[in-house]
Structure formats: C-alpha cells, structure tokens
> 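Below is the structure I would like to discuss, written out as structure tokens.
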Amino acid sequence: DAGVIQSPRHEVTEMGQEVTLRCKPISGHDYLFWYRQTMMRGLELLIYFNNNVPIDDSGMPEDRFSAKMPNASFSTLKIQPSEPRDSAVYFCASSLARQGFWYFGAGTRLSVL
Amino acid sequence: KNEVEQSPQNLTAQEGEFITINCSYSVGISALHWLQQHPGGGIVSLFMLSSGKKKHGRLIATINIQEKHSSLHITASHPRDSAVYICAVWFGNEKLTFGTGTRLTIIP
C-alpha cells in the first residue's frame, strides 16, 4: 500500500475562496482523522470518521469547515470561505481502530492570503 | 478538564546520551500516542499504549496509569533523533488532546 495520500501538498489561495483538501486512507483502515497544525495552537483533531460516518466533529472550528467521506477510499475537508487564520498544515491519518496506531499523510500546507 | 503537559519543552543533548521526555495528563485516559515530527514536517507514529511498556529499537515508551504519566526514552541517542516529540491522549470521555511537543536536538 502507498500509505495515506493527501493532495494537494501545497495550496495558496486568496481570502474568500473555497479550498478543498483531499485524503486517501490506507485500504482496510476503518478510521480516518483530520488534524490541523499551527504554530499557535499546535496539533488539533478536527474530525474523525468510522466506516465513512463522522463520529466526532467537535474540533471543527466553525461552519466554514466541512468534511465528507463518500466512500472508504476518499475523504475531503472543505473550507468555504477561507480566511487568513485558516493558514496551517492539515494532516490526514488512518488507522484500524479509534485508538489504534495512526498512519499519517504528508500533509497539505495551506496559505490563505 | 482534559489537560496534557509535556516536559521539557526543549532538550539538547550530546550524541549517545540517554533521553527522557515526559507527558503528564489530568484525568483518566484510555490510550496515549507518541508521535515524532522531523524538521521537514512529516509526522510518524512511534507508539500507542494504554498500559505498561513498549519497545521499538532504541525507543521505549512507558505509562503509569496511577500517576497519570508517560515517558518516552531514547537510548544511545543519535543526531537523526533530532525532532519534535508529541504525546496525544485519548481521555475517558473520548476526547483527544495533544501535548505542545518537546523539541529534541542531538549534537554530534
């Protein structure tokens, strides 16, 4: 397996634009997690899915953020409209169990100008 | 309240030294992760544990449930161990909280 794949690796956009981040988990992993990392707040869990169903989205900062997992091999994190404070590195990870070993993607570095 | 505290924030050591990084938490947990993040930015999971001790190569992770404390040890440290080490805790209320990280620098 190629591991967890995230795209794009880098995204630069202007304030107010819609941004979509993508993640392909490891095949067979039932759990998918989205995290955000900033200098100010460190790592934060945004949302996680089990078998494509969102389980806990309490970390999603506000209504501008939404995440979907239409099937077991694909998830998206969307920000609409984007703001400069959304600039961060967004990581996706998958695992076999909620408290199982995490496998991280390389991350998407988002810059909102 | 779900709180996680790591210490030290920064640690510089000579190659070959034994390294200990600590993670303390406020209330009962169900599991704890140790993560490694190199300057390039990628994150690697090192351990997931809920009790006892785990070892992988030169890395050892321990957890003491009664004392609400976990340690990550590195034996015979090497410059390639230079990274930020982060603990993440699943609390009993199923909430995940990250520590702020320990920046380790190993000098040749």
Side-chain angles (χ1 to χ4, degrees), chain A residues 2-11 21 23 25-26 29-50 53-61 87-111, chain B residues 1-10 21 23 25 28-52 54-57 59 61 63 65 70 72 83-104:
Chain A
V4 175
I5 300 173
Q6 289 187 247
S7 64
R9 289 294 309 277
H10 303 274
E11 177 81 35
L21 311 182
C23 177
I26 292 173
H29 282 192
D30 291 333
Y31 285 82
L32 183 139
F33 302 81
W34 282 101
Y35 308 91
R36 178 173 69 174
Q37 186 176 38
T38 61
M39 290 293 292
M40 289 294 293
R41 299 173 65 93
L43 267 168
E44 303 171 281
L45 175 65
L46 299 177
I47 185 171
Y48 73 93
F49 296 83
N50 177 26
V53 176
I55 301 302
D56 185 353
D57 65 355
S58 60
M60 296 284 263
S87 297
V89 181
Y90 292 81
F91 289 98
C92 171
S94 69
S95 71
L96 289 169
R98 183 175 69 87
Q99 295 172 359
F101 202 78
W102 294 327
Y103 294 83
F104 284 83
T108 295
R109 184 174 297 275
L110 173 65
S111 297
Chain B
K1 190 176 178 184
N2 300 344
E3 293 180 337
V4 176
E5 192 169 316
Q6 278 190 244
S7 63
Q9 283 192 323
N10 294 284
I21 298 170
C23 178
Y25 47 89
I29 70 168
S30 53
L32 184 147
H33 295 259
W34 281 103
L35 311 175
Q36 179 191 56
Q37 187 170 29
H38 276 105
I43 300 175
V44 174
S45 287
L46 299 176
F47 297 101
M48 192 285 294
L49 64 167
S50 54
S51 64
K54 289 189 177 180
K55 184 175 189 292
H56 182 71
L59 301 178
I63 189 167
I65 298 298
S70 176
L72 176 68
V84 176
Y85 293 84
I86 302 166
C87 70
V89 175
W90 282 105
F91 285 96
N93 59 0
E94 300 190 358
K95 293 301 181 184
L96 179 70
T97 301
F98 288 88
T100 53
T102 294
R103 184 175 300 276
L104 174 66

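What you are looking at is a predicted structure, and each value in this text was computed from that prediction instead of being measured. FYI, side chains are in, hydrogens and waters are out, and symmetry mates aren't considered; it's all heavy atoms of this structure.
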> Quick one: of Val44(B), Leu32(B), Ile86(B), Leu96(B), who has the most non-hydrogen atom pairs under 4.5 Å with chain A?
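That would be Leu96(B).
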> Please state whether the side chain, the backbone, both or neither of Arg98(A) comes within less than 4.5 Å of a heavy atom of chain B.
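Both parts, heavy atoms under 4.5 Å.
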> If you look at every heavy atom in Asp56(A) and Glu94(B), which pair is closest and at what distance?
OD2-O, 4.2 Å
> What residues of residues 99-109 of chain A sit under 4.5 Å from chain B when only non-hydrogen atoms are counted?
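Listed by number: Gln99(A), Gly100(A), Phe101(A), Trp102(A), Phe104(A).
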> Please state whether the side chain, the backbone, both or neither of Gln37(B) comes within less than 4.5 Å of a heavy atom of chain A.
side chain
> How long is the gap from CD on Gln37(A) to CZ on Phe98(B), to the nearest 0.5 Å?
9.0 Å
> Can you tell me how far OG of Ser95(A) sits from CE of Met48(B), rounded to the nearest 0.5 angstrom?
9.0 Å
> Quick one: what part of Glu44(A) sits under 4.5 Å from any heavy atom of chain B, side chain, backbone, both or neither?
backbone
> So Thr97(B) and Leu45(A), side chain to side chain contact (heavy atoms under 4.5 Å, CB included) or not? Walk me through it.
CA-CA 8 Å; Thr97(B) 301; Leu45(A) 175 65; over 6 Å; no
> Is chain A contacted by the side chain of Ser30(B), its backbone, both, or neither, given a heavy-atom distance below 4.5 Å?
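For Ser30(B), backbone and side chain are both near chain A.
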